[in-house]
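Every heavy atom of this structure was used, including side-chain atoms; hydrogens, water molecules and symmetry mates were not. Order of the sequence lines sets the chain letters (A, B, ...), proteins ahead of strands, with each chain counted from 1.
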Number of protein chains: 2
Amino acid sequence: MTEQKFKPGKGIGQTVGVALLGMGTVGAEVLRLLEERSDEFASRIGGPLEVRGIAVSNLSKPRPGVDPEKLTDDALSLVARDDIDLVIEVIGGIDYPREVVLAALRAGKSVVTANKALIAAHADELSAAADESGVDLFFEAAVAAAIPVVGPLRRSLAGDKVNQVMGIVNGTTNFILDAMYTRGASYDEMLAEATELGYAEADPSADVDGFDAASKAAILASLAFHTRVSGEDVHTEGIRDITVADIEAAKAANSTIKLLAICERLVDEEGKESVSASVYPALIPSSHPLSSVSESYNAVFVEAESAGRLMFYGNGAGGGPTASAVLGDVVAVARNIVLGGRGPGESTYASLPIANFGDVSTRYHVDMQVDDRLGVLAEVASVFSEQGVSLKTVRQEGLNDGARLVVITHSAKEKNLEDTVAKLKDLDAVKAIDSVIRMEG
Amino acid sequence: MTEQKFKPGKGIGQTVGVALLGMGTVGAEVLRLLEERSDEFASRIGGPLEVRGIAVSNLSKPRPGVDPEKLTDDALSLVARDDIDLVIEVIGGIDYPREVVLAALRAGKSVVTANKALIAAHADELSAAADESGVDLFFEAAVAAAIPVVGPLRRSLAGDKVNQVMGIVNGTTNFILDAMYTRGASYDEMLAEATELGYAEADPSADVDGFDAASKAAILASLAFHTRVSGEDVHTEGIRDITVADIEAAKAANSTIKLLAICERLVDEEGKESVSASVYPALIPSSHPLSSVSESYNAVFVEAESAGRLMFYGNGAGGGPTASAVLGDVVAVARNIVLGGRGPGESTYASLPIANFGDVSTRYHVDMQVDDRLGVLAEVASVFSEQGVSLKTVRQEGLNDGARLVVITHSAKEKNLEDTVAKLKDLDAVKAIDSVIRMEG
């Protein structure tokens, strides 16, 4: 840890000048609540907040109730102004907010952002700039909106050793998977409905391909393991390929399918630690607390050495919940500006290596159609054992003109499981592999 | 808010001297983990922690692995020592820890405590002393052990307006009620089992009479509503009187019975706000997230204006989880000692009045035996309506030589509900009232 510095407090009763970048759903709600709760915030902070400038991309759009004097399309000049102490970034995107947030931090302004993609991609550079200027960079809203996750990992669990963080951190995909499960509908039908309801964007890729969850997994893993994990380090699979057969397999296994962000501390045979962060759809048993997270709700499950199993649950998206998380950070940061002091910043002292995804262990649930003849089971089982994958349960049942074989493996390395499935496909006795899906929890 | 001050940081790399008060289950685990995780903690803090003294009540008890030089039975002298920066209080009780913690704070030492009874009774005095010296007084472990609740209410939700906090915050009573529900056993049987398993103390009063939960309710209400609420302000009922008939009534209503700590912001007809904190056993519907909290687990449900509904779940007691919460605070406080700065303290600016329990609104579930004759239902219904209590559902069924009447009310004031039940008892037509229990969620 390098020498830490922070600016002296402005003093009790002094006004904190705020720049708001972005006036979408979240920005407008943040602005409304800064007005509505101004007295409470002043009491909690020790001085009033004043929004002195609002950066928007389109100045000609009518914005009723907003003082036009405050609007600007020049965010860079706004954050450099002497009367701005605190910058709230809710623009979205990566390159442009990166430029503006860096400029703000370098000019000695504290920043609160809800931008998960920005943090997942550039936390290193941004944290260094915040440290350099002795200001705060807070981003509770970047993961699971109002559900406190960043704070608990950064502060409450700072005395513990976190071994696993597993979360449902994307509401859109949870809505789709939950609806497929409860209504037996297909992925395409439910994506169409999610789009109609406004849960999914016109281009749903960030959600359904897992990129949004991957950014959050990177942030969670960085905090949990005191190690820099960026979005690129996260093995990411989405839910586009989840079929009705997968859902049926889940039901038969008394499980549900959830898109999970999974961050784990791995320990090899020699006791060497590494970390892994990945996003993929997986079966979790109905008895696991995450299985009952329905609709567009989010939940994050944490396992720490002393604390045991914890779960945080709530609304993980939307204007209100995101604004709540942004404003919680704003109060904390403004308090530091008034009183002096600084919150805990990034801590990456552990710098554990990132494991190859092939070396991460998991369990597989494989549902296949095989010939119904003597010796097939032995043939299939030997493919697993040749790859060093041991079987937990095998269930065989008659099918029209063959047999269905459902295999659940014990925990084994990804690369061995992958090789096993490839070899199964080559077997003459295997007519089709209907579903291959990981199991967690 | 008065002028806030804090001591300058000792500087990166400087050692933080720690005094540990108490060597029970939690104290021993804290000591073990301070040793085991010392390198990680030093990295997270910016300097090493060193336990320089341990206060115990019985010096002659053998304590293997503990340097006898560090032991003392004079806690007051220990906390006054110049080489002590941070005091961890895990003694329990009220009067003696109050004296020692006050002395520590007044001597400029930051304090981390797990003592809910102490905080619920003396937060005012202790916070004032911490403010006066510019040091931290942290107590995450006082509510629900390792489940982050104090931190989220104090920090993450500081930008929101909390309207309700409802929690299962006592593991012993949850174990007893859960076992009564799932096994159909009586209170006495399950208390005996809880005592045998070590969940309940020889004198179980603090748990089963609701006092432990009341301390936690006071702490939660104070944080949520920025208003001083002490243990004495909490209307408290325990679980001793919960009968098998109550459990049966719960099952019939598709609900469970939980001992709840309920903190609410009330708004009267004129818009005037007040707060209420209470502890009592209540029915909650099976669809509510709190209903599935089983065994000795804890969970806290929060409803805030912007964030919506949040839930925090985990182990609410035990050496490991409590040590996790204590150590999270220790890292935060030690970081402030090394780097300078101070965490958010008590904030009671709102100072809302505490509502009379009689003015708090709730719903009742009343299960009674009545005469099976014409006009009885009308007689019973008119008692409710005379008190201004409207009925949501009424279910009547035949009984051996009479009828059973199950009434669920709409929300009404406690005093009116209480009067109603008193008047029902006076009715000739009412032969027995088998169960009167509140409904929440």
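There is no side-chain donor-acceptor pair under 3.5 Å between B/Ser347 and A/Arg335.
Here B/Pro321 is the residue among B/Gly9, B/Ala304, B/Gly340, B/Pro321 with the most heavy-atom pairs under 4.5 Å with chain A. Contact count against chain B (heavy-atom pairs under 4.5 Å) is highest for A/Pro148 among A/Gly341, A/Gly314, A/Pro148. With chain A as the partner, the residue from B/Ser156, B/Gly13, B/Ala350, B/Ala158 showing the most heavy-atom pairs under 4.5 Å is B/Ala158. Of the listed residues (A/Val331, A/Asp160, A/Val150), the greatest number of heavy-atom pairs within a distance under 4.5 Å of chain B belongs to A/Asp160. When each of B/Arg37, B/His226, B/Glu29 is scored by its heavy-atom pairs under 4.5 Å with chain A, the top score falls to B/Arg37. Taking chain A as the reference chain and counting heavy-atom pairs below 4.5 Å, the highest number among B/Ala146, B/Gly151, B/Ala307 is found for B/Ala307. Per-residue heavy-atom pair counts under 4.5 Å with chain B were compared for A/Gly320, A/Ser306, A/Gly328, and the maximum is reached by A/Ser306.
Of the two parts of A/Leu34, neither the backbone nor the side chain holds a non-hydrogen atom closer than 4.5 Å to a non-hydrogen atom of chain B. Only the side chain of A/Phe41 has a heavy atom closer than 4.5 Å to any heavy atom of chain B.
Counting all heavy atoms, side chain and backbone alike, A/Asn315 lies closest to B/Gly308 at ND2-CA, 4.4 Å.
For CD of B/Glu50, the number of neighbouring non-hydrogen atoms (other residues, nucleotides, ligands) closer than 6.0 Å is greater than 12.
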- Stepwise side-chain contact (heavy atoms from CB on, under 4.5 Å) test for B/Glu40 and A/Tyr349: CA-CA 9 Å; B/Glu40 282 140 307; A/Tyr349 68 86; 3.6 Å; yes

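Using a cut-off of 4.0 Å between Lys/Arg side-chain N and Asp/Glu carboxylate O, B/Glu36 and A/Lys161 are scored as not salt-bridged. Using a 4.0 Å cut-off between a side-chain N of Lys or Arg and a carboxylate O of Asp or Glu, A/Arg155 and B/Glu140 do not qualify as a salt bridge.
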